[in-house]
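All chains are named by letter (A, B, ...) in the order of the sequence lines, taking the proteins before the strands, and each is independently numbered beginning at 1. Atoms considered below: every heavy atom in the structure, side chains included; atoms not considered: hydrogens, waters and symmetry mates.
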There are 2 protein chains.
Amino acid sequence: MSDEPTITTIARRAGVSIASVSRVLNGLPTRAETERRVMSVARELGYVPNSAARSLKSRRSNQIGFAMADIGNPVYLAMVREIQPMLKAAGYRLVLHSTNADAADEIDVLRGLGERYIDGLIMIPLRVTDGHLEMFAAARAPIVVIGSVPEGTPVDNVRVDSRAGVRLVVQHLHGLGRRRIGFVNGPLDTVPGAARSAAYAEALETLGLPYDRNLVEVGDFYRADGARAAARLLERVPDLDALLCANDLIALGALDVLRRAGRRVPEDVAVAGMDDTDLATIAWPPLTSVSLGSAERGRAAAELLLDRLDRDGRAPRTVTVEPRLVTRASTMGEETP
Amino acid sequence: MSDEPTITTIARRAGVSIASVSRVLNGLPTRAETERRVMSVARELGYVPNSAARSLKSRRSNQIGFAMADIGNPVYLAMVREIQPMLKAAGYRLVLHSTNADAADEIDVLRGLGERYIDGLIMIPLRVTDGHLEMFAAARAPIVVIGSVPEGTPVDNVRVDSRAGVRLVVQHLHGLGRRRIGFVNGPLDTVPGAARSAAYAEALETLGLPYDRNLVEVGDFYRADGARAAARLLERVPDLDALLCANDLIALGALDVLRRAGRRVPEDVAVAGMDDTDLATIAWPPLTSVSLGSAERGRAAAELLLDRLDRDGRAPRTVTVEPRLVTRASTMGEETP
DNA sequence: CACGTCTCTGAAAACGTTTACGGATGGAGG
DNA sequence: CCTCCATCCGTAAACGTTTTCAGAGACGTG
């Protein structure tokens with residue numbers, strides 16, 4: 001027990017060569033007697049193969065990286081919950097990277113691909129910088145990006161038509177007779193922030209509603225920021241009758257603020273979130289939210305990656321997930337359980 | 001770009017030996033001119049050291065494992081959120097294992113320690129089998145167990161006095177005048193399930209309340225199971241006036257059921273959870289819950305592990321975290337925001 | 001009996017690092 | 001001019017595997 005047994009220890013004890021030991025351990029055809037001896041010695045010594053040595057030879061680590069901004073956000077969580085079992089079933093381990101949406105941090109992870117401690121990477125960058133693009137191009141292992149990426153970027157890509165998603169909610173709110181539809185967004189320099197901002201304007205236009213910049217407030221994608229932003233918005237536009245939030249977390253913050261302000265949801269203000277996380281059914285009132293298919297996106301990303309690990313060389317593929325509106329009591333009072 | 005540059009490539013291009021390259025890259029003293037040449041070639045080639053080779057020599061992987069039942073449970077999530085940045089700051093990566101509370105799966109992870117792909121492991125076993133104990137004893141790398149473990153087990157250990165926690169809530173409910181205090185527990189063959197069961201009985205006895213087995217129902221530690229168990233309990237004991245749930249998730253399920261049954265919380269039934277996760281403040285009404293210091297436990301576990309990685313050889317240590325009751329509207333109506 | 005064929009095994013190289021050791025060089029001191 | 005020491009660097013071994021290649025027997029066939 002003092003020193004870890006290696007293939008060499010076993011070979012000596014069993015009176016065979018290390019090559020034979022390796023063959024037995026890898027299930028290659030071997031004479032029954034040899035196999036028996038090797039196996040028995042290996043078991044007796046409690047032998048476990050050294051993964052570093054194996055990786056060095058085989059050039060595979062059997063690890064996959066997953067990089068997202070913050071493991072605390074239930075969207076990413078939903079993805080991890082899909083991805084982890086799939087990878088595990090395929091014999092891969094999951095290495096988690098929480099980057100705080102910091103570009104330098106993310107580029108560090110990408111550099112990690114070169115260290116070869118992971119065979120592939122699933123990444124959700126909130127901002128895609130030139131640095132990202134360079135690393136994507138130079139990457140020495142497959143990458144799947146969840147979220148939009150410029151045309152022609154040489155990585156597999158899973159995206160969701162968030163524009164359509166925003167349109168769905170805005171139409172829903174409009175259909176309920178709401179005309180002063182506020183919008184609490186996340187940072188505009190993030191990919192989702194920018195997309196949702198454009199989509200909001202576009203949806204209003206389609207419906208013939210005027211775009212009023214006073215109705216828009218920007219915070220960050222967290223509950224506390226959402227609350228603050230919603231409070232600012234409410235103060236500026238007291239006659240708001242609906243609130244679209246770029247995120248379920250933001251929506252939770254908004255609900256807190258509205259409750260404290262004595263506004264009834266949905267009677268006075270209808271509130272909708274995005275992502276349709278578990279939180280939507282926990283919140284009170286239950287939150288109408290656009291599902292952006294987090295679980296589905298996670299699954300698709302894992303599939304794309306595993307596929308490419310199997311046989312590389314194909315052109316990059318893009319999978320697009322359809323958004324789906326899930327209405328609950330925060331917009332449709334009557335549906336309250 | 002075709003073939004990954006190695007230390008040998010650099011050596012050739014710079015006209016020095018691989019030893020010199022290694023020295024430069026590791027910051028060992030070298031003549032300025034040599035250093036300049038090596039660095040410039042390395043940069044030009046986009047050299048990145050191969051982690052497998054490095055691990056093989058150095059016998060360290062710079063990875064730490066974290067094994068829990070289900071990444072979806074916010075308790076574990078709170079821990080990961082503490083642990084991940086601490087490990088990262090210390091130069092370690094996090095390898096995530098979701099074991100579905102399956103003993104065989106957990107033992108697999110423990111076996112992984114022998115593969116040396118992780119330098120240490122933080123584990124939260126829901127059940128501690130003989131298999132676990134054997135692996136703990138034979139482990140070739142440091143382990144920190146979060147949760148109780150038999151006296152004398154040779155691992156560092158972070159625990160929480162859940163007995164005291166249960167006592168706190170039961171006293172709180174009793175102090176509010178509740179006398180028919182139901183208990184929805186998780187599986188009794190899990191470490192927390194067993195502990196909470198014993199603690200519930202004990203707390204009742206301390207308060208001079210009779211133990212009525214009709215008041216106890218067992219499900220699993222999830223929302224849906226909690227709902228089902230609470231429904232059974234409610235049907236059996238309609239005059240229940242308080243409900244202690246072994247878990248915030250269970251409590252959410254219970255809230256759903258009570259709402260659907262038309263019981264007011266807390267007027268008719270006071271509800272309390274355990275773990276004090278984020279969900280407690282999202283639920284409606286906000287949930288009274290016993291904090292079992294998830295974040296604190298995560299931090300302590302990471303500290304213990306990093307400490308032991310620094311210098312091994314000390315006796316195993318145990319850190320105990322104090323529970324803390326956080327009262328909210330689900331038991332104290334008047335505090336409703 | 002010579003030969004070819006087949007099955008099993010061992011020797012050795014290779015993966016990409018780190019590091020112990022000793023050789024070369026140059027300057028200081030006698 | 002010789003010796004000594006310090007400084008810098010190259011050679012080679014080692015980490016624990018996998019895999020290629022070829023040798024050794026066994027056996028059947030002509």
**Student:** Does A/R59 put a side-chain nitrogen or oxygen below 4.0 Å from OP1 or OP2 of C/dG16?
**Tutor:**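 So the side-chain polar atoms of A/R59 do come within 4.0 Å of the phosphate oxygens OP1 or OP2 of C/dG16, strictly under.
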**Student:** Grab the two heavy atoms, one from B/I124 and one from B/M79, that are nearest each other, plus how far apart they are.
**Tutor:**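 Scanning both residues, the minimum pair turns out to be CD1-SD, 3.3 Å.
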**Student:** Looking only at the side chains, is there a donor atom on one of B/S98 and B/D70 sitting less than 3.5 Å from an acceptor on the other?
**Tutor:** no
**Student:** Rounded to whole angstrom units, what separation is found between the CG atom of B/N50 and the P atom of C/dA14?
**Tutor:**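 Going from B/N50 (CG) to C/dA14 (P), I get 17 Å.
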**Student:** Of all the nucleotides listed (C/dT19, C/dT9, D/dT11), which has the minimum atom distance to the side chain of B/S22?
**Tutor:** C/dT19
**Student:** Please report the interatomic distance CZ(B/R23) to OG(B/S17), rounded to the nearest 0.5 Å.
**Tutor:**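 OG of B/S17 is found 6.0 Å from CZ of B/R23.
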**Student:** Within this structure, what is the CD1-to-P distance between B/I7 and C/dA14, rounded to whole angstrom?
**Tutor:**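 My rounded result for the distance is 18 Å.
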**Student:** Does a salt bridge link A/K88 with B/D105, judged by any charged N lying under 4.0 Å from a carboxylate O?
**Tutor:**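 Answer for the salt bridge query: yes.
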**Student:** When you get a sec, tell me which of D/dT19, D/dG16, C/dT17 is the closest nucleotide to the side chain of A/A19?
**Tutor:**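 Of the candidates, D/dT19 comes closest.
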**Student:** Nearest-nucleotide wise, let me know which of A/L25 and B/T34 is further upstream toward the 5' end of DNA chain D.
**Tutor:**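 Closer to the 5' end of DNA chain D: B/T34.
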**Student:** Using whole Å, report how far CD of A/E33 lies from P of D/dA26.
**Tutor:**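 Result: 16 Å.
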**Student:** Is B/Y117 close enough to D/dG16 that one of its side-chain N or O atoms is under 4.0 Å from OP1 or OP2 there?
**Tutor:**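 Answer no for this pair, as no side-chain N or O of B/Y117 is under 4.0 Å from OP1 or OP2.
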**Student:** Please report, rounded to the nearest Å, how far the C1' atom of C/dA12 is from the CD1 atom of A/I18.
**Tutor:** 9 Å
**Student:** Select base, sugar-phosphate, or nothing to describe what B/S58 touches, counting heavy atoms under 4.0 Å on all strands.
**Tutor:** nothing
**Student:** Mind calculating the distance between CG (A/L56) and C1' (C/dA13) to the nearest angstrom?
**Tutor:** 13 Å
**Student:** Is there a side-chain polar atom (N or O) of A/T6 under 4.0 Å from OP1 or OP2 of D/dG16?
**Tutor:** no
**Student:** Nearest to the A/V16 side chain among C/dG16, D/dT17, C/dG10, which nucleotide is it?
**Tutor:**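 For the A/V16 side chain, the nearest candidate turns out to be C/dG10.
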**Student:** What is the separation between atom CG on A/L28 and atom P on C/dT7, rounded to the nearest whole Å?
**Tutor:**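 Checked: the CG to P distance equals 15 Å.
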**Student:** Distance check needed: C/dT9 C1' versus A/R37 CZ, whole Å only.
**Tutor:** 12 Å
**Student:** Output the single nucleotide from D/dT18, C/dC15, D/dA12 whose closest atom is nearest the side chain of A/R54.
**Tutor:**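 For A/R54, the side-chain atoms sit closest to D/dT18.
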**Student:** Among the nucleotides C/dC8, D/dT17, C/dG16, which one has an atom lying closest to any side-chain atom of A/T8?
**Tutor:** D/dT17
**Student:** Which part of the nucleic acid, if any, lies within reach of A/P49 when heavy atoms closer than 4.0 Å are counted: base, sugar-phosphate only, or nothing?
**Tutor:**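 Sugar-phosphate, backbone atoms only, no base.
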**Student:** Do the charged groups of A/E296 and A/R299 touch, with an N to O distance under 4.0 Å?
**Tutor:** no
**Student:** Provide the closest heavy-atom pair for A/S61 versus A/D119 in the form atom of the first, atom of the second, distance.
**Tutor:**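 Taking A/S61 first and A/D119 second, the nearest heavy atoms are N-OD1, 2.8 Å.
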**Student:** Side chain of A/R31 only, please: which of D/dC8, D/dA12, C/dC8 is the nearest?
**Tutor:**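 The closest nucleotide is C/dC8.
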**Student:** Quickly work out the A/K57 NZ to C/dG16 P distance and round it to whole Å.
**Tutor:**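 Distance check: A/K57 NZ to C/dG16 P gives 9 Å.
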**Student:** Can you find a side chain N or O atom of A/N26 that sits less than 4.0 Å from OP1 or OP2 on D/dT18?
**Tutor:**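 Checking A/N26 against D/dT18: at least one side-chain N or O falls below 4.0 Å of OP1 or OP2.
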**Student:** Side-chain N or O of A/S20 versus OP1/OP2 of C/dG10: is the shortest distance under 4.0 Å?
**Tutor:**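 Answer yes for this pair, as a side-chain N or O of A/S20 is under 4.0 Å from OP1 or OP2.
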**Student:** Have a look at B/T30 and say if it touches a base, only the backbone sugar-phosphate, or nothing, with a 4.0 Å heavy-atom cut-off.
**Tutor:** sugar-phosphate
**Student:** Below the 4.0 Å mark, does D/dC8 have OP1 or OP2 next to a side-chain nitrogen or oxygen of B/R23?
**Tutor:** no
